[in-house]
Amino acid sequence: MQTQTTISIILKDGSKKEISAGSTGLDLAKAISNSLAKKSVGLLLNGELKDLISALHDGDKVEIITQDDPRSFEYLRHSTAHILACAVQNLFKGSKIANGPAIENGFYYDFEIPEHQLKPEDLPKIEKEMQRIIDEDYSFVKVSVDNSDKQIQEFKSSGEKFKAENLEEHKHHNPTLYVLQKDGKTVWNDFCRGPHIATSKQVKAFKLLSISGAYWHGDENREKLQRIYGTSWWSKEALDDHLQKLEEAEKRDHRKLGRQMELFSMQDESGPGLILWHPALAYLRKEMEDYWKELHLQNGYEMVYTPHIAKSDLWNISGHNEFYKENMFYMTVDEQDYVLKPMNCPFHVLIFNTTRHSYRELPIRMAELGTVYRYERSGVMHGLARVRGFTQDDAHIFCRKDQYVEEIKGVIKLVDLIYKGFGLHYSAELSTKPKDAIGTKEIWEFAESGLEQALKEYGLEYKVNPEDGAFYGPKIDFKLKDALGRIWQGATIQLDFNLPERFKLHYTDKDGTQQQPVMVHRAIYGSLERFAALLIEHFAGSFPLWLSYKQVVVLPISDKHLEYARKVESMLKEKNIRVEVDDRAESLNAKIRDAEMNKIPYMAIVGDKEASENNISVRARKKGDLGKVPLNSFAEQLSKEIKEKTI
RNA sequence: GCCGAAGUAGCUCAGUGGUAGAGCAACGGUUUUGUAAACCGUAGGUCGUCAGUUCAAAUCUGAUCUUCGGCUCCA
């Protein structure tokens, strides 16, 4: 009898497991339980994601990644991308493969395909070939490249120039190939770091979604590539859920709802990226603005208004002409150059600088709903979310160093307060000093630690984005999460060391010396346009009562009830409720249907019974009949809902 | 800006070289309706724009504008 050598593995929970030497991760999973082995996908081996069949060594720390672990998608999707690449190369002779990573919710692969432009009709054909590869049950086998130069030559001779270039770049990082193999026969290979699933059959549910262009290494001077996007899941159910979510997102698309609900438009005559706010969305904006102004005035801000254009001189001082030139609209009047403002800050600084300031006056908080114009490249515009003219809910705080932390806390409080009114959840991120920053090390330290202190004292969780701040100062960004779990850019708080210097901002301190104030830029909605887009998609157009254009529609059962309907209307109008009567000669069912389609929160249905009892039958959007309610209590209930901003 | 796709009635879409279509919306009439579409009729389009090919162009070609999917960039 031979003595079996064993090795000791440290599991996730810190416990140790003895297994026989030469075991793989899969063996370890089997040794723990069969059901675990079935769900196992890969390993976190000493902190790195590795193939499930990686060999284990004595003392390794191992966490088994199962299908329940979100990290398992990296394996699945990246492997599905490889199957896609193999399928495309089988179908389109001479195709060269570039890169194919897993991305959020899916994957893509980039190809150079000579003499064929991919069309949507190609996707089902490619899917079929992928399914064939999956059904063949090929193994993903990792092969280390011992002679990089020889392998590069091989890639080059088979025309795989992108693989050759990738390998050249990584030749000193223990390069590996992944090959698709069956019965020891290799059918396909790619230069790849991995990790992968074990066999192609593990791909249970995938779909190719779209085609687009891309460049090798994202560089428009390099080769043009064709990209295929897809998604891949562990089960058909999960795939269907995901596809349904995509469908739901499409239904909620603010551009689509914008047309359907007549919220806004952009027109050829007025130009791209320039929004016409139609009455329904203008009402929502008015509510956003009123709410904003009310909270800002309550929280020590002062309102200012500044022009839309300014002489070029201003932008020379601010530095915009130097750093922001390609984003600005220019015009010449009376031989004088003017610029359409891309930011409000220089104007606020001018207001600050009009008089001398005492340390006693600070902080000064100057707020403006300022409309700015930025030249955006033609391909980047997107509905209300990315435009050329937009209104920032901008404010600048000029304060002393000793007031700085409190001021930041005040802004965080205001952000919290405002988002509450919309029922939105958010998270915070702190971005620190980038490489090409201006300002001394001391001032950056002061600024960053101040932001951090404010976040901590406020008790807000945050993530740090190292080196992601603006060149002129660090910032806190707020990310908003919508009803579908998608992330939107929200509020931002930025320190600025640049403008106080350029505009020579001063205040007179206690001891009579001239000191430079700290300047904070901050916006909470960010852009009213983009925030409106967020609200449209978050609520799928069914806005809460306080944000609805039409809050109530009165539906008379027949013409006989028009008189009473008008009475209901004027009574609600007196209470400042936005109401109208549907007096069309349509059936009640048709009126209800139209009101539902127009996403009006409440319907007040009135007929003989209601008129005689001085009440109404209430029907709520999407909820249906709520029964009869006295007119007065209905009005009171709505007023309360509006006042409390009930979601 | 770059790559690719698309643009037909207010909206959603059909129409692949030979007289521009449907549904919904609009308008007129009939119906007077009890919780998601009553019925009949009328009107509405230089087929994004400009050139070209052709006896003939929504349809083929080119340019241009806009939109969409990406790349890049960003509030």
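Proteins come first, then strands; the chains are lettered A, B, ... in the order of their sequence lines, and each starts at number 1.
Summarising the base pairing, B:U53 is matched to no nucleotide, lacking a Watson-Crick or G-U wobble pair whose two defining distances lie under 3.5 Å. A 3.5 Å limit on both hydrogen-bonding distances identifies B:A22 as the Watson-Crick or G-U partner of B:U12.
Less than 4.0 Å separates RNA chain B from at least one heavy atom of each of the following residues of residues 261-285 of chain A: A:Asp268, A:Pro272. For residues 223-230 of chain A, proximity to RNA chain B is found at A:Lys224, A:Arg227, A:Tyr229, defined as any non-hydrogen atom under 4.0 angstrom from a strand atom. Taking every heavy atom of residues 475-483 of chain A and every atom of RNA chain B, no pair lies under 4.0 Å. Non-hydrogen atoms lying under 4.0 Å from RNA chain B are contributed by A:Ser558, A:Asp559, all within residues 558-567 of chain A.
Positionally, the nearest nucleotide of RNA chain B for A:Glu596 lies more toward the 5' end than for the other of A:Glu596 and A:Phe390.
Partners of A:Glu368 according to the side-chain hydrogen bond (donor to acceptor under 3.5 Å, both in side chains) rule, which considers only residues two or more places apart in sequence or in another chain, are A:Thr306, A:His348. With sequence neighbours excluded, the residues satisfying ring pair (Phe, Tyr, Trp, His ring centres under 6.0 Å) with A:Phe634 are A:Tyr602. By the ring pair (Phe, Tyr, Trp, His ring centres under 6.0 Å) test, A:Trp216 is found to be paired with A:Phe162, residues two or more places apart in sequence or in another chain being considered. Applying the side-chain hydrogen bond (donor to acceptor under 3.5 Å, both in side chains) rule to A:Lys628 yields no partners; only residues at least two apart in sequence or on another chain are considered. Residues satisfying the side-chain hydrogen bond (donor to acceptor under 3.5 Å, both in side chains) test with A:Glu376, not counting sequence neighbours, are A:Arg386. Residues passing the side-chain hydrogen bond (donor to acceptor under 3.5 Å, both in side chains) test with A:Glu223, sequence neighbours excluded: none. Shown here are the salt bridge (Lys or Arg N to Asp or Glu O under 4.0 Å) partners of A:Lys435, two or more places apart in sequence or in another chain: A:Glu467.
Comparing B:C73, B:U33, B:G70 by their closest approach to the side chain of A:Ser212 singles out B:G70. Side-chain atoms of A:Ile592 lie closest to B:A36 of the nucleotides B:A36, B:G69, B:A37.
With hydrogens and angles ignored, a donor-acceptor pair closer than 3.5 Å exists between the side chain of A:Glu376 and the base of B:A75. Contact annotation: side chain of A:Arg619 to base of B:A36, donor-acceptor pair present below 3.5 Å. Below the 3.5 angstrom threshold, one finds no donor paired with an acceptor across the side chain of A:Arg222 and the base of B:C71. Between the side chain of A:Arg593 and the base of B:U35, no donor-acceptor pair under 3.5 Å is found. For A:Glu610 against B:G34, a side-chain N or O and a base N or O form a donor-acceptor pair under 3.5 Å.
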Check: protein-nucleotides 8-12 of chain B nitrogen or oxygen pairs below 3.5 Å:
residue, atom, partner, partner atom, Å
B:U12, OP1, A:Arg259, NE, 2.9
B:U12, OP1, A:Arg259, NH2, 3.3

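Between atom NZ of residue A:Lys591 and atom CE of residue A:Met603 there is a gap of 13.0 Å, rounded to the nearest 0.5 Å.
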